[in-house]
Amino acid sequence: MIQFLRYLLFPISILYGAVVRLRHLLYDYGIFSSTTFNVPIICVGNLSVGGTGKTPMVEYLIKNLQSYKRVGVISRGYKRKTRGFVLANEKSTVLDLGDEPFQFWRKYPEIILAVGSDRVRSVEKLLKLQNPPDVILLDDAFQHRRIKAQKNIVLTSYNNLYSDDYLLPTGNLRDVVSRAKKADVVVVTKCPTNISEEKRKEITEKLKRSVTQKVVFTTIFYSKKIYSQKETINLHDFLKIPFVVVTGIANPLPLIQFLEDNQANYKHLQFSDHHNFTNSEIEKLKRESRILTTEKDFVRLQNQLTNIYYLPIETEFVSKSEESVFWEILNI
């Protein structure tokens, strides 16, 4: 029924696409201006409304860059309770920064992290710091044309390629497919670990938009341990006892498939992406004996629930050669 309604809204998708294309044309012809900065800026984004794995990709970049670069990260800070530009510090909370930026800050406190809807102003403020960043990561900013990034990374999920999708509201695309050709590299995320070379070639031909553009493939690596505020437990020991899975992310299917593959005994409570849990929902969750959630949900729930654990994930390339191609493109 929902899918039928989406197709009924196809004329709105055509109108939406026309508006998006017009906006891009205005930037392409210089009627709207883009700002270029001397510091290297890497934009991580996608064409869809979510669920492509931006958070683990940003963490992968932070982890690999911070050993030899002073890394800055700028995010909009979706659903935070603050306004304007906010520079993270030791007193910052998830309410100040938003769940994803707070997760970055919590895991990598050495980075310079800021949230702000005006990304040009945010970059300018970071560059005026006493010790400014050597490289800046723009989180979820591929549609933000006011900054011209040196490198653009576009993500698309293996099970929901942008080439197979439609513009909102018929589909989940917030940008036109033709914009993908502006990316320096397209990363196909959440691939099966045993994806064949033939399948990779098939997807590459489907997605590649220009002669120079590269398509690389990544998968999700799940930790062997789960964590709470107080303890660390072996994953397989935890899975032996029934539990509740709580997700407030755009695409929980890879996690659910992982639990199925590991024969876990669980009940799934699914909420919308970035869901703000109500007091009544928290009270109900308190009655559960054990809850497993994502790291993004954990940072929002850890101070409200004592029975909650999270399973960390990381981005991994399907091969070392794919990873080498990726870093050659970035050339940082």
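Look at Asp99 and Arg80 and you find no salt bridge, because none of the NZ, NE, NH1 or NH2 atoms lies under 4.0 Å from a carboxylate O. Using a 4.0 Å cut-off between charged side-chain N and carboxylate O, Lys54 and Glu100 make no salt bridge. Taking 4.0 Å as the cut-off between side-chain N and carboxylate O, Asp139 and Arg76 do not count as a salt-bridged pair. Checked for salt-bridge contact, Arg174 and Asp165 miss the test: no charged N lies under 4.0 Å from a carboxylate O. Ion pair Glu197/Arg200 not flagged as a salt bridge, since none of the NZ, NE, NH1 or NH2 atoms sits closer than 4.0 Å to an Asp/Glu carboxylate oxygen. Salt-bridge check for Arg23 with Asp28: failed, with every basic side-chain N at 4.0 Å or more from each acidic carboxylate O. In summary, Arg121 and Glu124 do not engage in a salt bridge, as defined by a charged side-chain N under 4.0 Å from a carboxylate O. Using a 4.0 Å cut-off between charged nitrogen and carboxylate oxygen, Asp134 and Arg70 do not count as a salt-bridge pair.
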Criterion ring-ring contact (aromatic ring centres under 6.0 Å, His included) on Tyr60 and Phe221, from CA distance to verdict: CA-CA 12 Å; Tyr60 168 85; Phe221 172 75; over 10 Å; no
Verdict with supporting geometry, Thr93 and Asp96, side chain to side chain donor-acceptor pair (under 3.5 Å): CA-CA 5 Å; Thr93 69; Asp96 300 324; 3.1 Å; yes
Determine, stepwise, if the pair Gln257 / Asp261 fulfils side chain to side chain donor-acceptor pair (under 3.5 Å). CA-CA 6 Å; Gln257 186 60 56; Asp261 292 343; 2.8 Å; yes
Would you please test Asp297 and His275 for side chain to side chain donor-acceptor pair (under 3.5 Å) and show each step? CA-CA 9 Å; Asp297 292 312; His275 179 72; over 6 Å; no
Check the pair Lys201, Glu198 against salt bridge (charged side-chain N to carboxylate O under 4.0 Å, His left out), reporting the backbone distance first and the verdict last. CA-CA 5 Å; Lys201 287 181 179 178; Glu198 290 74 21; over 6 Å; no
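A distance-only check finds a donor-acceptor pair linking the side chain of Lys151 to the backbone of Ile329 [under 3.5 Å]. Looking at Tyr309, its side chain never comes within 3.5 Å of a backbone N or O of Ile233 through a donor-acceptor pair.
Under a cutoff of 6.0 Å and an axis angle of 45°, Lys125 and Phe85 form a cation-pi pair.
The CG atom of Leu127 lies 8.5 Å from the CG atom of Asn38; values are rounded to the nearest 0.5 Å. Between the OG1 atom of Thr193 and the CZ atom of Phe217 there is a distance of 14.5 Å, given to the nearest 0.5 Å.
Between Phe277 and Phe271, the angle of the ring planes goes over 60°, which puts this pair in the perpendicular group of the 30/60° scheme.
Results of the ring-ring contact (aromatic ring centres under 6.0 Å, His included) test with Tyr310 over Phe238, Tyr222, Tyr227 single out Tyr227 as the only residue that passes. When the options Arg145, Lys182, Gln143 are evaluated for a side-chain hydrogen bond (donor to acceptor under 3.5 Å, both in side chains) with His24, the one that passes is Arg145.
Tyr266 and Glu260 are linked by a side-chain donor-acceptor pair at a separation below 3.5 angstrom, with hydrogens and angles left out of the test.
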